[in-house]
Amino acid sequence: MDTTADRVPPAVPTTPAHIDAALVRRLIAGQFPRWVTLPVRPVAHGGWDNRTFHLGDAMTVRLPSAAGYAAQVAKEQRWLPLLAPRLPLPVPRPLARGLPAEGYPFEWSVYQWIEGQQARAERIADLREFARALAGFLSALRAVDATGGPVAGPHSFWRGGPLATYDGETRAAIATLGDRIPGERVTRIWELALSSEWSKPPVWFHGDVASGNLLVRDGRLAAVIDFGTCGVGDPACDLAVAWTLLDGASRAVFRAALAVDAASWCRGRGWVLWKALITFDDPDPGRRADARRTLDAVLSEYPASG
């Protein structure tokens, strides 16, 4: 893997420059000139935390979009090469690590491109088989030795740590949304999620198992990408996909294949409930619609009489 990390970075501002293809070309030209002739173009659906660009046909360039995501570069560069051989599906392979330059204040990465489409229900041939494959991947990830792994913190937005970190934010969202949601019922679900914590040794978690980070080819799960919020701790956050992508039948398959106990299932439901509530009125219509569908899925599993 190539790196420029042993060089002293120049003084740069703390606010990112405008992140576009022109900036990427300048960064590549200055630090990895052997790739300077390769075309640069934005990746469709390039993500929220990072801006991603094709570099030729076989690589991508990934740049954190804000300071809160910058620590994820070093983490992925260190741990992905160690995780990859132990996992049953492809994950991003770091090829180079760039330094701040050209007015851009953070480290950045070059990865090998992985072919596939974002996992959406209409692209998946069999949701139950997809759920089994995903559970197999997460089981393998949890089985990797967690010694020395990054514990929950700002780099993971506290995924892997106690769900109570977001108690205040969740209760504030419930109060703000008022009678637009069944507040008493939602509060019961949230408090049930808070009633337990992970008491076993820490294990690896991905941190953002979501449609955009799961790739499919020919209707089947083909790769898992974006380990920016990964770490070691409580893996309940990785259960959120059960309500954001899976349906009732495939959700049950997923839970059984992972052998998820009741307390962990409640915490996983709590993680997805928190995210749905705080994005319920998101300015982006797609994220807003996703939040409302997710809340419906959570409520369907927890009936008013339950």
Side-chain angles (χ1 to χ4, degrees), residues 43-45 47 52 60 76 79-94 111-146 149 156 159-160 200 203-262 264-269 271-272 275 290 293-294 297-298 300-301:
V43 170
H45 311 295
T52 307
T60 60
E76 287 191 327
W79 290 105
L80 280 173
L82 298 176
L83 293 173
R86 297 164 174 82
L87 298 174
L89 293 169
V91 298
R93 178 189 170 200
Y111 291 97
Q112 186 175 50
W113 171 251
I114 302 176
E115 193 64 46
Q117 294 180 299
Q118 290 185 351
R120 298 177 184 167
E122 65 271 18
R123 293 172 175 165
I124 298 171
D126 185 331
L127 264 179
R128 286 173 293 185
E129 178 56 36
F130 180 92
R132 276 189 285 268
L134 180 56
F137 177 90
L138 293 176
S139 294
L141 178 62
R142 295 179 184 186
V144 177
D145 183 6
S156 69
R159 289 169 174 84
K200 300 177 183 178
V203 297
W204 277 99
F205 60 86
H206 178 277
D208 193 13
V209 184
S211 174
N213 296 329
L214 304 172
L215 301 185
V216 295
R217 287 195 299 272
D218 300 322
R220 300 171 65 87
L221 181 63
V224 180
I225 62 173
D226 193 350
F227 281 68
T229 54
C230 75
V232 299
D234 178 5
C237 56
D238 282 349
L239 302 176
V241 68
W243 296 273
T244 59
L245 179 60
L246 303 180
D247 60 14
S250 57
R251 189 180 305 136
V253 169
F254 179 69
R255 180 177 179 177
L258 265 179
V260 181
D261 62 83
S264 293
W265 192 251
C266 288
R267 292 197 305 279
R269 191 166 52 202
W271 277 104
V272 78
K275 190 63 175 289
D290 287 344
R293 281 194 298 269
T294 298
V298 168
S300 73
E301 192 181 61

- Task: Would you mind listing every side-chain hydrogen bond (donor to acceptor under 3.5 Å, both in side chains) that reaches into residues 79-92, with sequence neighbours excluded?
- Result: none
- Nearest atoms (heavy-atom pairs only) where A223 meets L89: CA-CB, 4.4 Å
- Query: Got a sec, which residues hit salt bridge (charged side-chain N to carboxylate O under 4.0 Å, His left out) with R293, two or more places apart in sequence or on another chain?
  - Reply: D290
- Message: S250: which residues meet the side-chain contact (heavy atoms from CB on, under 4.5 Å) condition with it, sequence neighbours left out?
- Response: L127, R128, A131, L246, D247
- Could you give all pairs that pass the ring pair (Phe, Tyr, Trp, His ring centres under 6.0 Å) test and reach residues 212-237, with sequence neighbours left out? H206-F227
- Query: So which heavy atom on F205 is nearest to which on G160, and how close?
  - Reply: CE2-CA, 3.5 Å
- d(I124 CD1, Q117 CD) to nearest 0.5 Å is 11.0 Å
- Message: Per the ring pair (Phe, Tyr, Trp, His ring centres under 6.0 Å) rule, what does the pair list look like for residues 113-141, sequence neighbours excluded?
- Response: H54-W113
- Query: Just by distance, do the side chain of W204 and the backbone of A143 share a donor-acceptor pair under 3.5 Å?
  - Reply: no
- Query: Which pair of heavy atoms, one from V216 and one from A119, lies closest together, and at what distance?
  - Reply: CG1-CB, 3.9 Å
- Query: Are any side-chain N or O atoms of Q118 and backbone N or O atoms of S211, one a donor and one an acceptor, separated by less than 3.5 Å?
  - Reply: no
- Query: Counting only N and O atoms by type, is there a donor-acceptor contact under 3.5 Å from the side chain of R142 to the main-chain atoms of V203?
  - Reply: no
- salt bridge (charged side-chain N to carboxylate O under 4.0 Å, His left out) filter on E129, not counting sequence neighbours, yields R132
- Item | Sequence-distant partners of A133, side-chain contact (heavy atoms from CB on, under 4.5 Å), two or more places apart | L221
- Verify the neighbour count for atom CZ of R93: are there more than 12 heavy atoms of other residues, nucleotides or ligands below 6.0 Å? no
- With sequence neighbours left out, write down each residue that passes salt bridge (charged side-chain N to carboxylate O under 4.0 Å, His left out) with D208, or none if nothing qualifies. none
- Task: State, to 0.1 Å, how close A140 and P88 come at their nearest heavy-atom pair, and which atoms those are.
- Result: CB-CD, 3.6 Å
- What are the two closest non-hydrogen atoms of A242 and W265, and how far apart are they? CB-CH2, 3.6 Å
- Query: Out of curiosity, S139 OG to L87 CG, how far, rounded to the nearest 0.5 Å?
  - Reply: 11.5 Å
- Item | Summary of salt bridge (Lys or Arg N to Asp or Glu O under 4.0 Å) pairs that have at least one residue in residues 209-226, sequence neighbours excluded | R62-D226
- Contacts of type side chain to side chain donor-acceptor pair (under 3.5 Å), residue W243, not counting sequence neighbours: E301
- Message: I'd like to check L83 versus V91 (side-chain heavy atoms, cut-off strictly below 4.5 Å). Are they in contact?
- Response: no
- Restricting to pairs with a member in residues 227-244, which pass salt bridge (Lys or Arg N to Asp or Glu O under 4.0 Å), not counting sequence neighbours? D234-R267
- Query: Do the side chains of V224 and L214 get nearer than 4.5 Å, heavy atoms only?
  - Reply: yes
Report all side-chain donor-acceptor pairs from residues 252-262 shorter than 3.5 Å, counting only partners two or more places apart or in another chain.
from : atom 1 : to   : atom 2 : distance (Å)
R255 : NE     : V260 : O      : 3.4
D261 : OD1    : A263 : N      : 3.1
D261 : OD1    : S264 : N      : 2.8
D261 : OD1    : S264 : OG     : 3.3
D261 : OD2    : S264 : OG     : 3.0

